[in-house]
Amino acid sequence: MINRVVIVGGGTAGWMTASYFKAAFGDRIDITLVESGHLGTVGVGEATFSDIRHFFEFLGLKEKDWMPACNATYKLAVRFENWREQGHYFYHPFEQMRSVNGFPLTDWWLQEGPTSRFDKDCFVMPSVIDAGLSPRQLDGTLIDQPFVEGADEMQGLTMSEHQGKTQFPYAYHFEAALLAKYLTTYSVERGVKHIIDDVESVDLDSRGWITGVRTGEHGDISGDLYIDCTGFRGVLLNKALEEPFISYQDTLPNDSAVALQVPMDMEKRGIRPCTTATAQDAGWIWTIPLMGRVGTGYVYAKDYISPEEAERTLREFVGPAAADAEANHIKMRIGRSRNSWVKNCVGIGLTSGFVEPLESTGIFFIHHAIEQLAKNFPDDNWNETHRDRYNDAIAHVMDGVREFLVLHYVGAKRNDTQYWRDAKTRKMPDGLAERIEKWKTQLPDSETVFPYYHGLPPYSWGCILLGTGGIEVKPSPALRISDSSAAQREFEAIREKTEHLTRTLPKAYDYFSQLS
Ligand SMILES: Cc1cc2nc3c(=O)[nH]c(=O)nc-3n(C[C@H](O)[C@H](O)[C@H](O)COP(=O)(O)OP(=O)(O)OC[C@H]3O[C@@H](n4cnc5c(N)ncnc54)[C@H](O)[C@@H]3O)c2cc1C
Ligand SMILES: N[C@H](Cc1c[nH]c2cc(Cl)ccc12)C(=O)O
């Protein structure tokens, strides 16, 4: 049995892992988490995938338990502003793609689109977001969507097993530091040993396996399995075990960010329930609404703009409310460890890998890694099959998301600065150019997107292609000679549903202010 687990690092990755493993394995596993008292965590205001609800469900937590404690709000989409041209925006929503006669509605939209807005013609969420509404009524009733919430056959499935079966209509925004604090209490109450100290060195045996970590004040801590959640430092995996890091910077050049937390009266401002990604001269700015403040930051490539200029741009973007906010400059390590599981050490979180937060994939990577590790948990035979399966799953998810992000830049019509022009000529990950060729005559489907599980359904790829507008796509030839009346009825049904929802849903702020 492997039942002594040592986690090094107390950011989002460390505490999500500790709490999930306690919920999964109870007292059959002994967990010690060591975190530095002075090295900070990266967590800024964070946005997630909708799948994160499975994590909270697994821990037995309801929204009213954790959301108010983390100043959380709902995220119904990512809103992309100015990626095509100044003043243009589109949504990548959490919403089941409708299909008519075997073709996604977006394909019909290319042939028959009632207006120039694919997002508002094909989905109801964009109008709900524009009106600043909550997807739940004040009594908690969720808007009726074609998805299954809590159905028995879905219990216990991992995210990859869930994919394609349902699409939940929202994700979350929350304060990462508050979530880490919440999960600390959850974990410690369930028996996780919490040590605040620095790991100063790592002991290896003659085979190079970890036998213990040495701390400044608490001596040696040893276990069977070591989980490296030390962030970009990779203290165990990359430093002690010397596992190489594969950089993605040749295809994704953004390597820096500057973040601000801006206190705000959200009742007055109102909550637009989505993450906004506003394109800038050398990157993009995120805006994340939380209860009591807005999290914002400029993600940029330092080859194109200096940190000082990025901070100045961000402050101008936010306006006077940012005057007293302290800027947090972050250097990002973009790419992944060649293998995230090496010998008796598994890197989770930023140690394992990271891509810029354009589609909020950091916490999704952590959640996926935890589910895969729980599924492939080793015994003392250290069977290679479990390790190899785990490493393949982690590599695929990150490589797939890298392609998805590159599509945003290659697809963006804007080319008004060197940064955006270079995005069109930069090397692409293997296979993407061929896939884009196929999508020019038929929007992405399960047979033409990145072929391994990477968290994004085919409709997500279609939204980016249609929204960014730089790649010309044509309707499928079959639809040109097909009867479109069923598609027309579907567009009409969406219009009616949108009209009904925008009349009946409460304001997002009102929903959160009564949630407890
Ligand atoms: C600019 C930016 C924006 C982001 N936005 C999003 C988003 O919107 N959505 C999303 O899902 N993800 C986002 N992410 C990613 C997300 O922040 C991370 O995935 C998440 O915070 C996990 O970080 P971590 O726990 O791996 O590392 P960290 O937060 O860096 O934590 C590392 C921990 O290790 C400890 N440590 C380090 N060295 C030692 C040592 N020697 N001894 C003891 N302890 C040590 C530190 O004290 C700390 O506790 C973003 C990341 C960045 C950089
Ligand atoms: N696994 C899916 C991924 C997904 C589906 N739609 C979206 C929209 C946005 Cl903005 C991000 C991710 C996804 C999920 O989490 O729902």
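Counting convention: from 1, in listed order, for ligands and their atoms alike.
- If you take CE on M16 and CD1 on I7, they are separated by 12.0 Å, rounding to the nearest 0.5 Å.
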Should H173 and T275 be marked as a side chain to side chain donor-acceptor pair (under 3.5 Å) after you check the CA-CA gap, both sets of side-chain angles, and the distance that decides it? CA-CA 8 Å; H173 302 123; T275 304; 2.8 Å; yes
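- For G362, a nitrogen or oxygen atom sits less than 3.5 Å from a nitrogen or oxygen atom of ligand 1, counting backbone and side chain alike.
- Shown in contact with G455 at under 4.0 Å from a heavy atom are these atoms of ligand 2, numbered in order with element: 1 (N), 2 (C), 3 (C).
- Contact atoms of ligand 2 toward P457: 3 (C), 4 (C), 5 (C) (distance under 4.0 Å to a heavy atom of the residue).
- Only the backbone of C229 comes within 4.0 Å of ligand 1, counting heavy atoms alone; no side-chain atom from C-beta on gets that close.
- At a heavy-atom distance under 4.0 Å, atoms from both the backbone and the side chain of E46 approach ligand 1.
- Polar contact check, Q167 against ligand 2: a nitrogen or oxygen pair lies under 3.5 Å apart.
- Taking every heavy atom of Y459 and a limit of under 4.0 angstrom, the matching atoms of ligand 2 come to 5 (C), 6 (N), 7 (C).
- Closest protein heavy atom to atom 29 (O) of ligand 1: V42 N, 2.8 Å.
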Apply side chain to side chain donor-acceptor pair (under 3.5 Å) to E371 and H54, showing your working. CA-CA 10 Å; E371 283 188 349; H54 301 306; over 6 Å; no
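- Counting heavy atoms under 4.0 Å from ligand 1, residue S36 touches it through both backbone and side chain.
- For ligand 1, the polar-atom distance check finds no N/O of G349 at less than 3.5 Å from any of the ligand's N/O atoms.
- For the pairing with V34, the side chain to side chain contact (heavy atoms under 4.5 Å, CB included) check across I196, T215, D198 returns one residue only, T215.
- With a 4.0 Å cut-off on non-hydrogen atoms, I366 touches ligand 1 through its side chain and not its backbone.
- A salt bridge does not link R333 to D255: none of the charged nitrogens lies less than 4.0 Å from a carboxylate oxygen.
- Where the criterion is an N or O separation shorter than 3.5 Å, residue side chain and backbone included, L39 meets it with respect to ligand 1.
- Annotation: side chain of W286 is in contact with side chain of V44 (closest heavy-atom distance under 4.5 Å).
- For ligand 2, one of its N or O atoms has an N or O atom of S50 under 3.5 Å away.
- Considering backbone and side-chain N/O of F354, none are found under 3.5 Å from N/O of ligand 1.
- In terms of protein heavy-atom proximity, atom 41 (N) of ligand 1 is nearest to V199 O, 3.1 Å.
- Evaluation of the salt bridge (Lys or Arg N to Asp or Glu O under 4.0 Å) rule for D303 yields no partner, not counting sequence neighbours.
- A salt bridge links E63 to R136: at least one charged side-chain nitrogen sits closer than 4.0 Å to a carboxylate oxygen.
- K62 is not listed as a side-chain neighbour of E57, based on a closest heavy-atom distance of 4.5 Å or more.
- Residue T48 does not touch ligand 1, judged by heavy-atom distances below 4.0 Å.
- Proximity to V78 (heavy-atom distance under 4.0 Å) selects the following atoms of ligand 2: 10 (Cl).
- The atoms of ligand 1 that sit less than 4.0 Å from any heavy atom of V44 are 3 (C), 4 (C).
- Counting heavy atoms from C-beta on, the side chains of I52 and F364 never come closer than 4.5 Å.
- Residue contacts with ligand 1 for F365 are absent, since no atom lies close enough (heavy atoms, distance under 4.0 Å).
- Taking the charged nitrogens against the carboxylate oxygens, R79 and D130 do have a contact shorter than 4.0 Å, which makes a salt bridge.
- With a heavy-atom cut-off of 4.0 Å, A257 touches ligand 1 through its side chain alone.
- The proximity of E95 to ligand 2, defined as any non-hydrogen pair under 4.0 Å, does not occur for either the backbone or the side chain.
- At a threshold of 4.5 Å between non-hydrogen side-chain atoms, the residues Y89 and F80 do not count as touching.
- Of the listed residues (F364, F94, F168), the one carrying the non-hydrogen atom nearest atom 12 (C) of ligand 2 is F94.
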